[in-house]
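Structure record follows, encoded as structure tokens.
We count residues from 1, following the sequence as given. Basis for what follows: all heavy atoms, side chains included, without hydrogens, waters or symmetry-related copies.
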Amino acid sequence: MAKSSPARSSAKFILPDLPKEKWCDFRIGYSEHNKTLVQLAEEYKCDPRTVRSCLLRNKSSNSLGKKSVPTQIDLCRDEIQEALAQELPRLPDNVRSIYQLSCFLLPILKERGYKGSERTLRNYLRLHPSVKAIFEKEQKGAIQ
């Protein structure tokens, strides 16, 4: 296995020529505070290669996070709220659990454009305050 030349391994990459006031936080740490890529990566909890690419593009650490992708629930939140408002008051007697409610609401929501699964809907309903209140009342009534 051939060793790489020391000049090549120690070569610095060329940073874009920008005025100091436009420097990103990575460049400030790299240039002014003489931190290495590894030190910056540890500080910002990312990979040194990410720090290097951000330095070359002059991107700040704010742009490191993953892009958030909206869930099916987020895309149809208004339709779900509307369906709950319409259907909860006239809920059939055989609906006694969140699972049954999600199975009951799923066809209604599919007509309105919901593309998610029943399980996703059920998990959302389990955390929804008005649905929790209804089933807690039923459980208290059944216990007494």
Side-chain angles (χ1 to χ4, degrees), residues 1-92 94-140 143:
M1 196 188 273
K3 290 185 176 181
S4 63
S5 69
R8 183 174 179 210
S9 63
S10 66
K12 283 192 165 187
F13 53 95
I14 299 169
L15 295 172
D17 188 27
L18 293 169
K20 265 193 171 182
E21 61 271 2
K22 291 188 177 180
W23 282 9
C24 68
D25 50 356
F26 287 123
R27 186 163 178 174
I28 292 168
Y30 184 77
S31 299
E32 291 182 358
H33 303 299
N34 296 323
K35 292 183 179 179
T36 64
L37 295 179
V38 173
Q39 289 171 331
L40 286 169
E42 288 172 357
E43 182 180 331
Y44 290 101
K45 295 177 180 58
C46 63
D47 194 88
R49 294 170 291 189
T50 305
V51 174
R52 184 177 194 276
S53 68
C54 286
L55 276 169
L56 292 173
R57 294 184 186 121
N58 199 44
K59 283 186 163 183
S60 69
S61 62
N62 298 336
S63 60
L64 281 181
K66 291 184 177 180
K67 295 177 182 168
S68 62
V69 177
T71 63
Q72 291 296 326
I73 293 292
D74 292 336
L75 293 172
C76 294
R77 191 172 302 271
D78 295 336
E79 288 83 3
I80 294 170
Q81 296 293 339
E82 191 176 306
L84 281 173
Q86 290 175 355
E87 300 299 328
L88 281 181
R90 52 189 176 131
L91 209 55
N94 64 347
V95 175
R96 295 180 183 204
S97 69
I98 291 179
Y99 171 73
Q100 292 171 335
L101 177 63
S102 64
C103 290
F104 175 75
L105 287 176
L106 189 63
I108 297 167
L109 292 172
K110 290 277 186 188
E111 289 175 7
R112 296 180 183 192
Y114 176 69
K115 294 183 177 101
S117 68
E118 181 272 328
R119 181 182 210 86
T120 305
L121 179 63
R122 183 174 3 132
N123 290 338
Y124 173 73
L125 292 174
R126 186 170 287 128
L127 300 173
H128 196 276
S130 62
V131 173
K132 282 173 79 173
I134 287 173
F135 289 110
E136 284 175 3
K137 281 182 189 175
E138 285 184 13
Q139 285 178 352
K140 286 180 183 177
I143 292 174

Write down the atom of [X], the atom of [Y], and the distance for their closest heavy-atom approach.
X: Ser31; Y: Leu15; result: OG-CD1, 4.0 Å
X: Glu79; Y: Arg112; result: O-NH1, 3.6 Å
X: Ser60; Y: Asp25; result: CA-OD1, 3.3 Å
X: Ile108; Y: Ala83; result: CG2-CB, 4.5 Å
X: Tyr30; Y: Lys35; result: CD1-O, 3.4 Å
X: Ala41; Y: Pro48; result: CB-N, 3.6 Å

Rounded distance (nearest 0.5 Å) linking atom [atom1] of [X] with atom [atom2] of [Y]:
X: Ile14; Y: Leu55; atom1: CD1; atom2: CG; value: 13.5 Å
X: Tyr124; Y: Leu84; atom1: OH; atom2: CG; value: 7.0 Å
X: Arg122; Y: Cys103; atom1: CZ; atom2: SG; value: 7.0 Å
X: Lys22; Y: Asp17; atom1: NZ; atom2: CG; value: 11.5 Å

Side-chain donor or acceptor of Tyr44 paired with backbone N/O of Asp47 under 3.5 Å: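 Side chain of Tyr44 to backbone of Asp47, a donor-acceptor pair under 3.5 Å: no, none is there.
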N/O donor-acceptor pair under 3.5 Å between Lys132 side chain and Leu125 backbone: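 Side chain of Lys132 to backbone of Leu125, a donor-acceptor pair under 3.5 Å: no, none is there.
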Steps toward side chain to side chain donor-acceptor pair (under 3.5 Å) verdict (Asn123, Thr120): CA-CA 5 Å; Asn123 290 338; Thr120 305; 5.8 Å; no
Can you confirm whether [X] sits close enough to [Y] that some side-chain heavy atom of one is under 4.5 Å from a side-chain heavy atom of the other?
X: Glu82; Y: Asp78; answer: no
X: Ile80; Y: Leu121; answer: yes
X: Cys76; Y: Leu109; answer: no
X: Leu18; Y: Arg27; answer: yes
X: Lys59; Y: Cys24; answer: no
X: Phe104; Y: Asn94; answer: no

Arg90 with Glu87: basic N within carboxylate O range, under 4.0 Å: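 Answer for the salt bridge query: yes.
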side-chain contact (heavy atoms from CB on, under 4.5 Å) between Ile73 and Tyr114, worked out: CA-CA 8 Å; Ile73 293 292; Tyr114 176 69; 3.9 Å; yes
Test log, rule side-chain contact (heavy atoms from CB on, under 4.5 Å), inputs His33 and Gln39: CA-CA 11 Å; His33 303 299; Gln39 289 171 331; over 6 Å; no
